Amino acid sequence: MENIAQSVVRTRVAPSPTGDPHVGTAYMALFNLVFARKHGGQFILRIEDTDRARSTEGSEKAILDSLGWLDLQWDEGPDVGGDLGPYRQSERLDIYEVHVQKLLENGGAYRCFCSSERLSDLRSEQMARKETPRYDGHCLSLDPEEAEERGSNGTPYVVRLNVPTEGECIFHDELRDEIRIAWSQVDHQVLRKSDGFPTYHLANVVDDHLMNITHVIRGEEWINSGPKHILLYEAFGWEPPKFIHLPLLRNPDKSKLSKRKNPTSIFHYRDAGFLPEAVVNYLGMMAYTLPDQREIFSISDMSETFDHSRISLGGPIFDVSKLKWLNGRYLREQLSANDLLARLGEWKFNDEFLGKILPLALPRLETFSDFSPLASFLFSEKVGIDVDSISGKLEPTDASRLIKIAEWELEKLREWKGEPIGNVFNRIAEIEELKLKQLMPTFFVAITGSSVSLPLFEAMAILGPDLSRTRLRLALEVLSEAGHGLSKKGLKSLEKEYQAKYGNRID
RNA sequence: GUCCCGUUCGUCUAGCCAGGUUAGGACACCGGGUUUUCAUCCCGGCAACAGGGGUUCGAAUCCCCUACGGGACGCCA
């Protein structure tokens, strides 16, 4: 504790802008934030957008917006700036380049010219021999000068970490004490890809050091990469930060929390009508209790009393029913009727949101009182459905298949708007050789809970991707409970079929 | 498969580090009360130290083994 007080504590959360803003990111951000606040330090937000195939601007904005919605305020970041920026890794390429050169010079890393074919052959050979797949050090034996020349001639190459062949890496985790991993277990990690971008490992270590991060609080999934990071700190002659690895949030089946099994997008909870303070409070309850065991607490309550040694290490299951109870307490105990009005206004009862619905509803109205039944599904988390209505004009098992396919196709959508959503269904109808009229009743009911409703594509656009996905999942559950679901085998063959007809799925 | 991390009610957890508790609280669930209904609220109930070996007068707590769960093994992060 004493050495924590001596230097200024700095923590960070470093999400990569791919896909939806994840509750796991918020969970990590919260613990980093309260740790920094407790010790009078700073909390930094850094965007790790080194995967140029998957990173998107939209996703970065979503991260900023969602963490902002939760009131997890960062002291430095890409939007607010700071003295040690830039805070977006894609803007720091020259910095990484300098450091890569340093490693190349001091032998901490080496150039590797192996083709991806050779690498994948190597991998399959190793798998066949039941060995752990890893790089065999082929290019390590290259003469460095010769390698440098080949590189400057334009031959594509990657830069790999030079890992000791013997001994073990010992490092400390503040919650687990000593962790020992044999160097023989550590792969010669690629540090710079052939496109010139750094990988996570390099960028992360360089940035954490240059941004004076004192405590790296991150998910348990990183423990095995610890040796790579320690090795990099050593190669640069830097003192490593302290590490705190938090247990991972889990699905009810105990696997790592994933959107396949649970709503993981922060926006899902916003759109489904949760209060940000309740969501944060719940996240704080995962793996942690305040010293006095309070259940209702704010970020500042948690900051004032935070003690990282109270973190429990079993992976907590993200259980929505307790979150709902907690949200209910916030609603009932913290809000007056007037507050509630204001909050409902912030949520969906405002001109902007209603304004999107009204043009769709207007042609379908005879009286005002027709409006609410038409639009109520946009204000609900889920809708009431049964097997018959869900099946529509399809056989129930076909409905299951098609809903699954739609889920996968919808995930590919970059822009969640009516027209592209419509295109998805048109494409499915075409490929499956169905008329849209046969296909759509199922989706109408799944999304709106009724066959009398607003135009579906526009309605889905308004509902948002997260709630739409939840409804499709619910429909699948209803079908499955009635015995019309997809078996494990069926799902596998569907995936193959899907890949053949529609192309690869994305994550 | 190899390595790493973990394991207290169905779930979140307290207790463990500094061995002695009827193993406590909360969610969920069940029952009762209040409420014109429902919800809230109140009362009650259910339910756990993964297993086996040590150490000790005494183990949820310290040590070892086993089992189980999870994670990592990418030019993803």
Side-chain angles (χ1 to χ4, degrees), chain A residues 14-19 22 24-25 46-55 89 112 114-116 119-120 123 126-135 156-160 168-169 171 173 175-204 218-228 245-257 282-296 309-326 328-329 331-333 506-507:
Chain A
S16 65
T18 55
H22 201 276
T25 304
R46 184 173 71 224
I47 296 292
E48 308 224 326
D49 55 349
T50 55
D51 182 346
R52 77 192 201 313
R54 293 199 306 149
S55 297
Q89 289 185 329
C112 168
C114 292
S115 64
S116 46
L119 259 22
S120 71
R123 184 165 300 136
Q126 287 168 328
M127 303 258 267
R129 272 181 269 137
K130 299 201 167 175
E131 289 170 12
T132 305
R134 44 197 299 250
Y135 186 62
Y157 66 94
V158 300
V159 175
R160 286 183 184 274
E168 59 182 0
C169 177
F171 65 102
D173 175 275
L175 302 176
R176 286 161 247 258
D177 258 3
E178 211 170 78
I179 293 173
R180 295 160 166 265
I181 295 173
W183 287 119
S184 62
Q185 292 294 323
V186 181
D187 200 4
H188 290 201
Q189 180 66 47
V190 170
L191 299 176
R192 192 185 66 180
K193 311 172 211 177
S194 52
D195 67 2
F197 275 60
T199 57
Y200 167 84
H201 303 277
L202 196 252
N204 189 264
R218 42 137 74 144
E220 203 174 12
E221 55 193 329
W222 295 109
I223 289 181
N224 286 290
S225 312
K228 293 172 186 171
H245 290 96
L246 297 181
L248 262 20
L249 261 22
R250 314 265 194 109
N251 296 311
D253 69 0
K254 296 192 185 245
S255 56
K256 175 167 137 178
L257 190 64
Y282 182 67
L283 254 13
M285 225 164 196
M286 298 279 89
Y288 189 70
T289 44
L290 297 211
D292 63 4
Q293 311 254 349
R294 245 177 300 180
E295 299 203 278
I296 302 281
S309 73
R310 296 186 60 81
I311 294 170
S312 63
L313 298 178
I317 291 169
F318 192 91
D319 172 18
V320 179
S321 74
K322 191 155 184 172
L323 171 58
K324 280 192 178 164
W325 161 78
L326 195 62
R329 284 198 59 179
L331 243 27
R332 283 177 257 117
E333 294 171 16
I506 56 156
D507 264 286

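Please read all numbers here as calculations on a predicted model, not as lab measurements. Note: hydrogens, waters and symmetry copies are ignored here, and every other heavy atom, side chains too, is used. Chain letters run A, B, ... following the sequence lines, proteins first, then strands; residues in each count from 1.
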Below 4.0 Å: OP1/OP2 of B:rA77 and any side-chain N or O of A:Thr50 | yes
Could you please name the option among B:rA77, B:rU11, B:rA14 that lies closest to any side-chain atom of A:Ser312?
-> B:rA14
Any idea which of B:rC12, B:rG15, B:rA77 is nearest the A:Tyr200 side chain?
-> B:rA77
N or O in side chain of A:Arg332 less than 4.0 angstrom from B:rC41 OP1/OP2 = yes
Taking atom P in both B:rC43 and B:rG6, compute the distance separating them and give it to the nearest angstrom.
-> 39 Å
Find the partner of B:rU22: check Watson-Crick (N1-N3 plus N6-O4 or O6-N4) and G-U wobble (N1-O2, O6-N3) distances, both under 3.5 Å, and reply none if neither fits.
-> none
Side-chain (A:Lys322) to main-chain (A:Tyr282) donor-acceptor, under 3.5 angstrom | no
Rounded distance in Å - CG (A:Leu313) to P (B:rU8) = 11 Å
Taking the same atom, P, in B:rG52 and in B:rC16, what whole-Å distance lies between them?
-> 24 Å
Can you tell me the distance, in whole Å, between the CZ atom of A:Arg54 and the C1' atom of B:rA77?
-> 7 Å
Which one is paired to B:rC9, where only Watson-Crick or G-U wobble pairs with both distances under 3.5 angstrom count?
-> none
5′-ward residue of the pair A:Asp187/A:Leu175 relative to RNA chain B | A:Leu175
Distance from A:Thr18 atom OG1 to A:Asp51 atom CG, nearest 0.5 Å?
-> 7.0 Å
May I ask you to verify whether the side chain of A:Lys322 and the base of B:rA28 hold a donor-acceptor pair under 3.5 Å?
-> no
Residue A:Ser16, side-chain atoms from C-beta onward, closest of B:rC12, B:rA77, B:rC3 = B:rA77
Do A:Leu313 and A:Glu220 touch side chain to side chain, with heavy atoms closer than 4.5 Å?
-> no
Over how many whole Å does the gap from A:Trp222 atom CH2 to B:rG6 atom P extend?
-> 19 Å
Considering just the side-chain nitrogens and oxygens of A:Arg176, establish if one lies under 4.0 Å of OP1 or OP2 belonging to B:rC17.
-> no
Taking B:rG74, B:rA77, B:rC4 as options, the one with an atom nearest any side-chain atom of A:Ile179 is B:rC4
Please check if the side chain of A:Arg160 supplies one atom and the backbone of A:His188 the other of a donor-acceptor pair under 3.5 Å.
-> yes
Assign A:Cys169 to base, sugar-phosphate, or nothing according to its heavy-atom contacts below 4.0 angstrom with the strands shown.
-> nothing
Side-chain donor/acceptor of A:Ser194 to base of B:rC75, under 3.5 Å = yes
Let me know, please, whether A:Ile223 or A:Glu333 comes out on the 5' side of the other along RNA chain B by nearest nucleotide.
-> A:Ile223
In terms of side-chain heavy atoms of A:Glu220, which of B:rC12, B:rC76, B:rC5 is nearest?
-> B:rC5
Could you give the CZ-to-P distance, from A:Phe171 to B:rC4, as a whole number of Å?
-> 11 Å
Should the pair A:Asp292-A:Arg294 be classified as a salt bridge under the 4.0 Å nitrogen-to-oxygen rule?
-> yes
Report the distance from atom CD1 of A:Ile311 to atom OG1 of A:Thr289, rounding to the nearest 0.5 Å.
-> 10.5 Å
If B:rC17 has a Watson-Crick or G-U wobble mate with both distances under 3.5 Å, name it; if not, just say none.
-> none
Would you kindly give the CD1-to-P distance between A:Ile181 and B:rU2, to the nearest whole Å?
-> 16 Å
At their closest point, which heavy atom of A:Phe171 faces which heavy atom of A:Gly226, and how far apart are they?
-> CZ-CA, 3.8 Å
Take atom C1' in B:rU7 and the same atom in B:rG51, then report the distance between them in whole Å.
-> 12 Å
A:Val158 near the nucleic acid: base, sugar-phosphate alone, or nothing, with a heavy-atom cut-off under 4.0 Å?
-> base
Say you pick atom C1' in B:rA47 and the same atom in B:rC27; how far apart are they, in whole Å?
-> 13 Å
Rounded to the nearest angstrom, tell me the gap between atom CG in A:Leu246 and atom P in B:rG71.
-> 16 Å
Between B:rG45 and B:rA23, how far apart are the P atoms? Round to whole Å, please.
-> 16 Å
Would you say A:Lys193 reaches B:rA77's phosphate, i.e. side-chain N/O to OP1/OP2 under 4.0 Å?
-> yes
Taking atom C1' in both B:rA48 and B:rC63, what distance in whole Å separates the two?
-> 24 Å
At under 4.0 Å between heavy atoms, what does A:Arg192 touch on the DNA or RNA strands: base, sugar-phosphate, or nothing?
-> nothing
What is the distance from CZ of A:Arg310 to P of B:rU13, rounded to the nearest Å?
-> 12 Å
Could you tell me whether the side chain of A:Arg46 and the main chain of A:Gln89 form a donor-acceptor pair under 3.5 Å?
-> no
Nearest to side-chain heavy atoms of A:Ser255, which nucleotide of B:rC27, B:rG71, B:rC3 = B:rG71
So does A:Thr289 get a side-chain nitrogen or oxygen closer than 4.0 Å to the phosphate oxygens (OP1/OP2) of B:rU13?
-> no
Provide, to the nearest angstrom, the distance between the CE atom belonging to A:Met286 and the C1' atom belonging to B:rG70.
-> 16 Å
Hunt down the Watson-Crick or G-U wobble partner of B:rA59, both distances under 3.5 Å, from any strand shown, or write none.
-> none
May I ask you to say what A:Ala287 touches in the nucleic acid, namely base, sugar-phosphate or nothing, with a heavy-atom cut-off under 4.0 Å?
-> sugar-phosphate
Across every strand shown, the nucleotide meeting Watson-Crick or G-U wobble geometry with B:rU34 (both distances under 3.5 Å) is none
Any donor and acceptor pair, going by atom type alone, linking the side chain of A:Asn251 with main-chain N or O of A:Asp253 inside 3.5 Å?
-> no
Using a cut-off of 4.0 Å on non-hydrogen atoms, how would the nucleic acid contact of A:Arg52 be classed: base, sugar-phosphate, or nothing?
-> nothing
N or O in side chain of A:Lys254 less than 4.0 angstrom from B:rG6 OP1/OP2 | no
Partner of B:rG1 by Watson-Crick or G-U wobble geometry, both contacts under 3.5 Å, or none?
-> B:rC73
What interatomic distance, in whole Å, is found between P of B:rC12 and the corresponding atom of B:rC49?
-> 16 Å
Within the structure shown, what part of the strands sits under 4.0 Å from A:Gln293 by heavy-atom distance: base, sugar-phosphate, or nothing?
-> base
Take atom P in B:rC65 and the same atom in B:rC3, then report the distance between them in whole Å.
-> 14 Å
